[in-house]
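Here the structure is laid out as structure tokens; the discussion comes afterwards.
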Amino acid sequence: MDDRDLDLDEDYQSPFDFDTGVNKSYLYLSPSGSSSLPGSPTLHKRGVLRTEPVPEEGEDAAATISTPDALSEEEQEELRRELAKVEEEIQTLSQVLAAKEKHLAELKRKLGISSLQEIKQNIAKGWQDVTATSAYKKTSETLTQAGQRASAAFSSVGSVITKKLEDVKNSPTFKSFEEKVENLK
């Protein structure tokens, strides 16, 4: 087993030390878009990013990959140094991100913004975005028109039923029935 393997019984410890802060001397954000530090050898200078044909279907892709044996000792060492630098930059960026997230949580706590409030705001914004879409507006208009038509239909059905009940009430059969009920009283 490797020394870095964690015992499951031990408590987890973060690889970041928030008390010491972030080592900013390793952080380099290039405005030129280059991911390499100034003065470091780039992949283009070493010829590592060569344009080689992509293997076609059925070809042995493993045969086209260069192995470490194809690189000289000097090239391998240079690649190892570049790898170490990139890993260090990744670790630094992870530390910066963790520090920013911690600062964000602290600001939210000071402002009294809770997770529940954030969820409410996200839902409200999502609903606002949905209601602003043309599909929602068209659906809303269609449902409004359908509701108006249904209301008019129910109103007309109610009028027809009322008229029919009045006709029944005014019919000779109902009047004779009504007279018989009154006589029974």
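Just so you know, these numbers use all the heavy atoms, side chains as well, and skip hydrogens, waters and symmetry mates.
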Legend entry - Residues that D129 engages under side chain to side chain donor-acceptor pair (under 3.5 Å), provided they are two or more places apart: K125
Inset, instruction - Please identify each residue that fulfils ring-ring contact (aromatic ring centres under 6.0 Å, His included) with Y136, with sequence neighbours left out. - result: W127
Inset, instruction - Please identify each residue that fulfils side chain to side chain donor-acceptor pair (under 3.5 Å) with K138, with sequence neighbours left out. - result: none
Inset, instruction - Supply the atom-to-atom distance S140 OG to Q145 CD, rounded to the nearest 0.5 angstrom. - result: 10.0 Å
Legend entry - Nearest-0.5 Å distance that lies between atom CD1 in I90 and atom CG in L97: 13.0 Å
Legend entry - Euclidean distance, K100 NZ relative to L107 CG, rounded to 0.5 Å: 10.0 Å
Legend entry - side chain to side chain donor-acceptor pair (under 3.5 Å) partners of E118, counting only residues at least two apart: K108
Inset, instruction - Could you pull out all residues at least two apart from E106 that satisfy side-chain contact (heavy atoms from CB on, under 4.5 Å)? - result: R109, K110
Inset, instruction - Show which residues join I113 in its hydrophobic cluster (side-chain heavy-atom contacts under 4.5 Å, direct or indirect), or state none. - result: L111
Legend entry - side-chain contact (heavy atoms from CB on, under 4.5 Å) partners of S114, counting only residues at least two apart: L116, Q117
Inset, instruction - Linking directly or through intermediates, with side-chain heavy atoms under 4.5 Å: list the remaining ILVMFWY members grouped with V157, chain and number order. - result: I161, L165
Inset, instruction - May I ask you to check whether over 12 heavy atoms, not counting those of F177, lie within 6.0 Å of atom CZ? - result: no
Legend entry - Partners passing side-chain contact (heavy atoms from CB on, under 4.5 Å) against S134 (at least two apart in sequence or in another chain): none
Legend entry - salt bridge (Lys or Arg N to Asp or Glu O under 4.0 Å) partners of R80, counting only residues at least two apart: E77
Legend entry - Whichever hydrophobic residues join I123 through chains of side-chain contacts under 4.5 Å: I119
Legend entry - Expected output: side-chain S155 to main-chain S151 donor-acceptor under 3.5 Å: no
Legend entry - Which residues share a side chain to side chain donor-acceptor pair (under 3.5 Å) with K137, sequence neighbours left out: none
